[in-house]
Amino acid sequence: MMSLLALGLLINGNYLYSYTPFSSVTVPNSPPSIETDKMISILLINVKMKNRNSKKLMEQIENKDPDVILAMEVNKWWDKKLSKIEKEYPYHKEVINDVAYGMALYSKYSFEDITVDNLNNDKIPYIEGLLRVKDNRLVTVHCVHPVPPTHYEDLPDNEGNEEKAMKMLGSRVEKADYPSIVIGDFNDVVWSKVDELTHTDNLLFDVRTGRGFYNSYNADNILMRWPLDHIYVTKEFSLKTIERLDYMGSDHYPMYVELTL
């Protein structure tokens, strides 16, 4: 029994080590003097449908002024509240539902193309946007929120089926013609290996590796927290900033990054 416990600690310790400052980063640090027109800032938040503290999130958006925002669990109530930012974010795509998988993408950059699809469950949207960023380059943003490996009575699940959403996502990224950013609540912890999760080979890189866990869930329980909200990028990107923002009423903390291309 003790030998099995030791083996488990060794295996999991190896995964966890990758997300400590003692490990090497897989997304390099941006140069200190990077030009602002090469930066892309992103705010990622699962708002939680029942959360009614929209004021705090609006303050965070105003304070950080991100270029791109992905909000998840967006229902009709949250869609109405978020509509207030549409003047500052004229390019947006909303897929609203009341089963905890609504999604809304807001951008200051124009969409050269924007598509909505379903990867492995017809109730779970996937948004893919081709953005023309500040220096006129094109970037593909993949927005995902796959279901967790749990049965639910009143919410979508994949009971009895293999969860293939992240593998299908990996195939989409492989076929993309431009640098890619993958963002979302993966309902999977950070120490799941990226290549195994997406069935890709050295294609996507986790901005947390070598920097910290940045546990984004459960904001309501200090003893039970782990990273579920992720930002993966292809090799063209470097990282200037990563932050877990303050509590805003959801069971997820907002995540904020500044990337350079």
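Proximity of a side-chain donor or acceptor of R137 to a complementary backbone N or O of K134 within less than 3.5 Å is not detected. In this structure, R211 contributes its side chain and V207 its backbone to a donor-acceptor pair below 3.5 Å. Formation of a donor-acceptor pair under 3.5 Å by the N63 side chain with backbone atoms of E59 is not found in this model. Checked by atom type and distance alone, the side chain of Y232 never pairs as donor or acceptor with a backbone atom of S180 at under 3.5 Å. Side chain of W78 to backbone of K48: a donor-acceptor contact under 3.5 angstrom is found. Between the side chain of T234 and the main chain of P179, no donor-acceptor pair closer than 3.5 Å is present. T26 places no side-chain N or O within donor-acceptor distance of the main-chain N or O of F205, the cut-off being under 3.5 Å.
Under the 30°/60° scheme for interplanar angles, the aromatic rings of H230 and F186 are found to be tilted. Below 30°, between 30° and 60°, or above 60°: for Y91 and F111 the angle between ring planes is above 60°, a perpendicular geometry.
Nearest approach of G129 to I114, heavy atoms of both residues: CA-CD1, 3.7 Å. Closest heavy-atom contact between R244 and Y214: N-CD2, 4.1 Å. Heavy atoms only, all atoms of each residue included: L82 and A71 are closest at CD1-CB, 3.9 Å. Nearest approach of I96 to M103, heavy atoms of both residues: CD1-O, 4.4 Å. In plain terms, the two heavy atoms of Y178 and L130 that are nearest each other are CD1-CD1, 3.6 Å. Between M58 and K81, the closest heavy-atom pair is CE-O, 2.9 Å.
Here the side chains of I61 and Y106 are not in contact, with every heavy-atom distance at 4.5 Å or above. Put simply, the side chain of M168 does not reach to within 4.5 Å of the side chain of Y126, judged on heavy atoms. In this structure, the side chains of T209 and V27 stay at 4.5 Å or more apart for every pair of heavy atoms. Here the side chains of D246 and Q60 are in contact, with some heavy-atom distance below 4.5 Å. N51 is listed as a side-chain neighbour of M248, based on a closest heavy-atom distance under 4.5 Å. In this structure the side chain of Y217 never reaches within 4.5 angstrom of the side chain of N46, judged on heavy atoms. Side-chain atoms of I42 and P66, non-hydrogen and from C-beta on, never get closer than 4.5 Å to each other. A 4.5 Å side-chain heavy-atom check between L119 and I124 finds every atom pair outside the cut-off.
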Can you list the steps and then say if E236 with V139 is a side chain to side chain contact (heavy atoms under 4.5 Å, CB included)? CA-CA 10 Å; E236 296 87 355; V139 172; over 6 Å; no
Apply side chain to side chain contact (heavy atoms under 4.5 Å, CB included) to H92 and I69, showing your working. CA-CA 9 Å; H92 46 91; I69 300 169; over 6 Å; no
Side chain to side chain contact (heavy atoms under 4.5 Å, CB included) between V141 and C143, worked out: CA-CA 6 Å; V141 176; C143 308; 3.8 Å; yes
Applying side chain to side chain contact (heavy atoms under 4.5 Å, CB included) to L203 and T198, what does each step give before you reach the verdict? CA-CA 9 Å; L203 176 65; T198 60; over 6 Å; no
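For the atom pair L261 CG and K38 NZ, the distance stands at 8.0 Å (nearest 0.5 Å). To the nearest 0.5 Å, atoms NZ (K93) and OG1 (T115) are separated by 9.0 Å. Once rounded to the nearest 0.5 Å, the distance linking CG of L44 with OG of S216 reads 7.5 Å. Atom CG of N187 and atom CE of M166 lie 10.5 Å apart (nearest 0.5 Å). Between E174 atom CD and L169 atom CG the span is 10.0 Å, to the nearest 0.5 Å.
In this structure E243 satisfies the salt bridge (Lys or Arg N to Asp or Glu O under 4.0 Å) test together with K64, sequence neighbours excluded.
Residues L239 and I34 fall into different hydrophobic clusters, defined by Ile, Leu, Val, Met, Phe, Trp and Tyr side chains chained together at heavy-atom separations under 4.5 Å. If you chain together hydrophobic residues whose side chains sit under 4.5 Å apart, L70 and V233 fall into the same group. Both L131 and I181 belong to a single network of hydrophobic side chains, linked directly or stepwise wherever heavy atoms of I, L, V, M, F, W or Y lie under 4.5 Å apart. Hydrophobic clustering of Ile, Leu, Val, Met, Phe, Trp and Tyr side chains at less than 4.5 Å, counting indirect connections, unites I127 with Y109. V173 and I183 are members of different hydrophobic clusters when ILVMFWY side chains are connected at heavy-atom separations under 4.5 Å.
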Using a 3.5 Å cut-off and no angle test, enumerate the donor-acceptor pairs between side-chain atoms of residues 251-260 and protein atoms at least two apart in sequence or in another chain.
residue	atom	partner	partner atom	Å
H252	ND1	D229	OD1	3.3
H252	ND1	D229	OD2	2.7
Y253	OH	R225	NH1	3.3
Y253	OH	R225	NH2	3.0
Y256	OH	E258	OE2	2.7
E258	OE1	T241	OG1	3.2
T260	OG1	S30	OG	2.7
T260	OG1	S238	OG	2.3

